[in-house]
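Whatever order the structure lists them in is the order used to number ligands and atoms, beginning at 1. Note: hydrogens, waters and symmetry copies are ignored here, and every other heavy atom, side chains too, is used.
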Amino acid sequence: MLDILRQRRSIRAYTEAPLDDATLDALKEAVLRAPSSRGLNPWAFVFVTDRTLLKKLATCKPHGAEFLAQAPLGVVVWADPERADTWIEDCSIAAIILQLAAESLGLGSCWVQVRLRQHAAGGSAEDFVREAAGLPENARVLCIIAVGHPERRKRGHARESLPWDKIRHIPAP
Ligand SMILES: Cc1cc2nc3c(=O)[nH]c(=O)nc-3n(C[C@H](O)[C@H](O)[C@H](O)COP(=O)(O)O)c2cc1C
């Protein structure tokens, strides 16, 4: 796991190679293994490999989603907020587990923030994605994770470049 974290970077450019069924199945299993508060599993996931829909989702906001149009997979991470007041945390954990599972399979991925973002034509990115993905009216959309074979690999962040000052260690007296 530490090796995966050491090499992980956000990847926004993918080759044209599609993801095979075994890979898709492994990613589906990974998200369903995400922990959630009280095990309520308020989340749900839409695995999109349909190019037309991916292109539409790429326009959910003016910037930072365009690479979805070229990705072989986009996973819409959403929840029924009535099921758990921790839906944001639960969805975030599932999303990062999906990204780390993708990394472990040699794939690249990037988070596309949807919650709190605006669509170019006015209205929210959430409303746009809810409608495009055919989600229920009460659905809250956290993000879309783009996944694919990296067009080129990025170097992981160097250990020395990490913000070590963010960590305070209180040792035993
Ligand atoms: C909550 C969250 C929202 C993000 N939203 C976007 C986004 O909408 N578009 C995008 O291209 N990258 C997005 N990212 C990726 C970050 O920009 C990226 O993780 C950060 O720049 C650090 O780069 P690295 O992942 O390569 O270490 C998001 C990441 C997180 C954790």
Side-chain angles (χ1 to χ4, degrees), residues 1-16 19 27 30-31 34-37 42-48 51 53-79 81 84-133 135 139-167:
M1 175 53 86
L2 204 48
D3 284 342
I4 290 167
L5 291 171
R6 283 179 177 140
Q7 71 190 34
R8 185 216 60 81
R9 293 297 305 275
S10 293
I11 300 294
R12 300 180 179 84
Y14 315 99
T15 69
E16 282 177 15
L19 304 186
L27 295 175
V31 287
S36 68
S37 176
W43 30 241
F45 310 91
V46 186
F47 279 63
V48 183
R51 178 66 48 214
L53 182 51
L54 284 165
K55 283 184 177 167
K56 188 166 184 183
L57 292 173
T59 67
C60 69
K61 58 180 184 173
H63 308 288
E66 46 290 288
F67 48 88
L68 273 170
Q70 265 74 52
L73 172 68
V75 181
V76 180
V77 181
W78 69 277
D85 59 2
T86 52
W87 72 269
I88 297 176
E89 291 85 349
D90 296 332
C91 283
S92 300
I93 289 166
I96 194 65
I97 281 184
L98 173 63
Q99 289 197 268
L100 294 176
E103 186 77 40
S104 77
L105 295 169
L107 302 168
S109 71
C110 189
W111 183 303
V112 173
Q113 180 70 17
V114 175
R115 190 179 73 91
L116 302 177
R117 297 293 175 262
Q118 293 301 303
H119 183 252
S124 72
E126 262 197 87
D127 286 345
F128 182 85
V129 174
R130 189 184 300 112
E131 217 244 271
L135 302 178
R140 294 299 311 270
V141 182
L142 181 76
C143 65
I144 305 172
I145 304 295
V147 184
H149 298 277
E151 195 168 72
R152 53 191 167 273
R153 305 215 167 253
K154 286 185 188 171
R155 212 180 274 272
H157 297 291
R159 192 176 151 84
E160 319 78 70
S161 72
L162 301 178
W164 293 98
D165 60 329
K166 300 274 188 193
I167 293 179

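Listed here is the closest heavy atom pair of C60 and A125: O-CB, 3.3 Å.
Counting heavy atoms from C-beta outward, L73 and L107 have side chains that stay 4.5 Å or more apart.
For ligand 1, the atoms sitting less than 4.0 Å from at least one non-hydrogen atom of F67 are 11 (O), numbered in the order shown with element in parentheses. Atoms of ligand 1 found under 4.0 Å from any heavy atom of K61 (numbered from 1 in listed order, with element): 7 (C), 8 (O). Near S10, meaning under 4.0 Å from any of its heavy atoms, are these atoms of ligand 1: 15 (C), 18 (C), 19 (O), 24 (P), 25 (O), 26 (O). The ligand atoms of ligand 1 that sit less than 4.0 angstrom from a heavy atom of R9 are 24 (P), 26 (O), 27 (O). Heavy-atom proximity to V112, at under 4.0 Å, picks out these atoms of ligand 1: 7 (C), 8 (O). Of all atoms in ligand 1, listed by their number and element, those nearer than 4.0 Å to a heavy atom of H157 are 24 (P), 27 (O). Remark: ligand 1 atoms within the under-4.0 Å shell around heavy atoms of G64 are 7 (C), 8 (O), 9 (N), 10 (C), 11 (O).
Taking a 4.0 Å cut-off on heavy atoms, K154 fails to register as neighbouring ligand 1.
At a heavy-atom cutoff of 4.0 Å, ligand 1 is contacted by the side chain of R12 but not by its backbone. If you look at C110 next to ligand 1, the close heavy atoms, those under 4.0 Å, all belong to the side chain.
Annotation for E66: atom CD counts as buried by contact number, over 12 foreign heavy atoms lying within 6.0 Å.
Listed for the W164 side chain is a donor-acceptor partner under 3.5 Å among the backbone atoms of R159.
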